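Report on the structure given below.
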Amino acid sequence: MAKRITSRVRQARLDMAAQAGRTVSIREVSRETGIAVSTLRRLEDNKAEGVDFATLTRLAEFYGASRIDDLFQMTEEDRRALRLAMA
């Protein structure tokens with residue numbers, strides 16, 4: 001099994017919304033952080049190929065994350081199952 005970094009950015013946004021008692025949209029996050037909506041969508045969908053440190057910093061500041069594992073985690077990936085799902 002291979003290791004993969006997966007995003008918790010969507011969960012951070014949903015957690016923020018729950019705490020605020022209102023919807024927090026991707027567009028709002030984009031406006032507040034200066035990160036493009038398309039970048040945020042790729043991060044939330046685990047389709048980003050790489051993330052700039054400035055982007056990580058802005059996300060961490062916006063969500064109040066003190067550790068990188070609040071926004072990303074290392075997971076095991078079964079490549080065989082992934083290939084079957086894509087077939």
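For clarity, every value in this text was computed on a predicted model and none was experimentally measured. In what follows, residues are counted from 1 in the order of the sequence shown.
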Exercise for the section: Could you list the residues that satisfy salt bridge (charged side-chain N to carboxylate O under 4.0 Å, His left out) with R67, not counting sequence neighbours? Expected result: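 D69.
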Practice task
Sorted by first residue and then second, give each side-chain hydrogen bond (donor to acceptor under 3.5 Å, both in side chains) pair with at least one member in residues 13-26; sequence neighbours left out.
Solution key: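 Output for this query lists Q11-D15, R13-E44, R22-E28.
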Exercise for the section: Enter the distance from Q73:CD to S7:OG here, rounded to the nearest 0.5 Å. Expected result: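 So the gap between those two atoms works out to 9.0 Å.
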Closest approach of [X] and [Y], non-hydrogen atoms and distance?
X   : Y   : answer
I5  : N46 : O-OD1, 4.5 Å
I26 : L40 : O-CD1, 3.7 Å
F62 : E32 : CE1-CB, 3.4 Å
L71 : L56 : CD1-O, 4.5 Å

Is the closest side-chain heavy-atom distance between [X] and [Y] below 4.5 Å?
X   : Y   : value
M74 : R4  : no
L14 : V24 : no
D70 : Y63 : no
V37 : R27 : yes
R10 : D45 : yes

Problem - Contacts of R58 that satisfy side chain to side chain contact (heavy atoms under 4.5 Å, CB included) - sequence neighbours left out - result: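 By the side chain to side chain contact (heavy atoms under 4.5 Å, CB included) rule, R58 matches T33, I35, A54, T55.
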